[in-house]
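Before any comments, here is the structure.
Here is how names work: the chains are called A, B, and so on, in the same order as the sequence lines, proteins then strands, and each is numbered from 1.
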Number of protein chains: 2
Amino acid sequence: MSGQRSIIEAEKLVEAKLGGVPIHHERMAVVANIYRAATAVRQHLENAVLRGGGLTWTGFVVLWVMWIWGESESRHVAEEAGISKGTLTGVIRTLESRGLVKRTRHPADGRLLLLSLTGEGEQFMRQVFPDFNAEETFVTSRLDDDACRALAGGLRQVVLQVEEHGEARRLALLDGAGPVPRRSGRRRRPTGEAG
Amino acid sequence: MSGQRSIIEAEKLVEAKLGGVPIHHERMAVVANIYRAATAVRQHLENAVLRGGGLTWTGFVVLWVMWIWGESESRHVAEEAGISKGTLTGVIRTLESRGLVKRTRHPADGRLLLLSLTGEGEQFMRQVFPDFNAEETFVTSRLDDDACRALAGGLRQVVLQVEEHGEARRLALLDGAGPVPRRSGRRRRPTGEAG
DNA sequence: CAAAAATCGTTTGAACCCAAACTATACTTC
DNA sequence: GAAGTATAGTTTGGGTTCAAACGATTTTTG
């Protein structure tokens, strides 16, 4: 990736492209760099640590959540891992086939699904997490501890803003014009009524 | 997402899980928050701005790169957008079918593919980018301009570290033990030689 | 100038991704 | 307690994602 230089140049080009329209460049740079950093970090960790263990990033995150929180209801794992419940179904299927995860029915509420690590899953995390953290340390090694805390704090502000006010904002933006349906997604099963 | 609280609690639980093994918590928090913020920001922008235009995040980024840089060789667009060349092929197919992008053969080098926006694509970006930037401003609205610059700067350090030293690091980690093949991916076409 | 090496974009396969539709179970209300 | 409502996990469909394999083309080498 030549990538970084270009963000600064790009800002000038955007200015030229939009002339009068005022653009908030620092805000643009924050969002662009968040995404760039996320991609770079994920790719490094996948290739340096996870691939050897036959895991993807998402698989590892889900495993990590279960490792830290112990046996949990499926919906909490999805929320904590930051993926949709539909995605979790597939990820759990994969992890289960690798023997790292157990699925149990909730004894009291038949709708709920309990997830937990197998012994193999526990052992895997005890082995892999220190390596994972070593690479987290590598990717942040240009920053000292204070800079890391400041960086994490700034990012936390972004997350909190979206979590606390994002939904209201989206509703306000779309206003009357109801939510645009997704282009993809399941189709309603055709009823018997023909035109 | 209840998400944020848990990161602090999680650190304590990790401590307990790993006992003696020293974990760098600030580094863990940085990586976790980068990814959380990237997911939150992407989701907000997709739902607030892009879905109305029938675009995904990646589609928008690719469009943005072509808008800013003008007609470009395919490989440069992929690099600049931060996606693999294989992914770009599919994204371009989608954008082309929406009439936003043109594909041209390079006149001198038959291997190269030139990409550029159509008039419709140009118009789309002029309309949508201000809305996009308004949401970038929304998600960062808890930070003042200086904090934004500091945040972008910190993230840039992470990206640079991975870009400049990541590959060497990965090679050093795997050392003699050659690269682990991916679980997925194309299979070698079977040759006629049978066992 | 033909064989070999390099480079580009495309195809492939497994996995991931979301949201809407759907099924199953639980709770509410009359 | 049957009908209606709510909630949880699964399926579906269009799409994205990567890396390796691959075909087409260009450059390099002998």
Which nucleotide in the list dG9(D), dC18(C), dC8(C) gets nearest to the side chain of Leu113(A)?
dG9(D)
Take atom CD1 of Ile83(B) and atom P of dA19(D), then tell me their distance rounded to the nearest Å.
12 Å
Ring-ring centroid check Trp67(B) Phe129(B), cutoff 6.0 Å
yes
Nearest heavy-atom contact between Leu143(A) and Cys148(A) is CB-SG, 4.0 Å
Closest to the Thr56(A) side chain: dT10(D), dA26(C), dA15(C)?
dA15(C)
Of Arg42(B) and Arg103(A), the one whose closest DNA chain D nucleotide lies more 5':
Arg103(A)
Among Arg27(A), His24(A), His25(A), the one residue meeting side-chain hydrogen bond (donor to acceptor under 3.5 Å, both in side chains) with Asp145(B):
Arg27(A)
Rounded to whole Å, please give me the gap between CZ in Arg187(A) and P in dA19(C).
15 Å
Is the Phe138(B) to His165(A) ring centre distance short of 6.0 Å?
no
Tyr35(A) OH - dT16(D) P separation (whole Å):
12 Å
Is Ser84(A) touching bases, backbone alone, or none of the nucleic acid, heavy atoms closer than 4.0 Å?
base
Quick one, which residues of residues 86-95 of chain B touch DNA chain C with a heavy atom under 4.0 Å?
Gly86(B), Thr89(B), Arg93(B)
Separation between OG1 (Thr39(A)) and OH (Tyr35(B)), nearest 0.5 Å, reads 7.5 Å
On DNA chain C, check which nucleotide each of Ser97(A) and Glu46(B) is closest to and give me the residue with the more 5' one.
Ser97(A)
Taking only N and O in the side chain of Asn47(B), is any of them less than 4.0 Å away from OP1 or OP2 of dA19(C)?
yes
Report the nucleotide, chosen from dC18(C), dC8(C), dG15(D), that has the shortest atom-to-atom distance to any side-chain atom of Lys85(B).
dC8(C)
Between Arg75(B) and dA6(C), does any side-chain N or O lie under 4.0 Å from OP1 or OP2?
no
Distance-only donor-acceptor check, side chains Ser97(B) and Thr94(B), under 3.5 Å
no
Starting from C1' on dT26(D), measure out to CZ on Arg105(B) and report it in whole angstrom.
12 Å
Does Ala108(A) reach a base, just sugar-phosphate, or nothing at all? Heavy atoms under 4.0 Å.
sugar-phosphate
Could you check how far CG of Leu63(B) sits from P of dG15(D), rounded to whole Å?
16 Å
CD-CZ distance between Glu96(A) and Arg103(A), expressed to the nearest 0.5 angstrom
5.0 Å
Here the distance between atom P of dA24(D) and atom CG of Leu112(B), to the nearest Å, is 17 Å
5'-most contact on DNA chain C: Asp109(A) or Thr58(A), nearest heavy atom basis?
Thr58(A)
The complete set of salt bridge (Lys or Arg N to Asp or Glu O under 4.0 Å) pairs with one or both residues in residues 40-49 of chain B, sequence neighbours excluded, reads Arg42(B)-Glu46(B)
Which nucleotide in the set dC16(C), dA6(D), dA6(C) lies at the smallest distance from any side-chain heavy atom of Arg111(A)?
dA6(D)
Over how many whole Å does the gap from Gln43(B) atom CD to dC17(C) atom P extend?
11 Å
Nearest-angstrom distance from the residue atom CZ of Arg51(A) to P of dA14(C):
16 Å
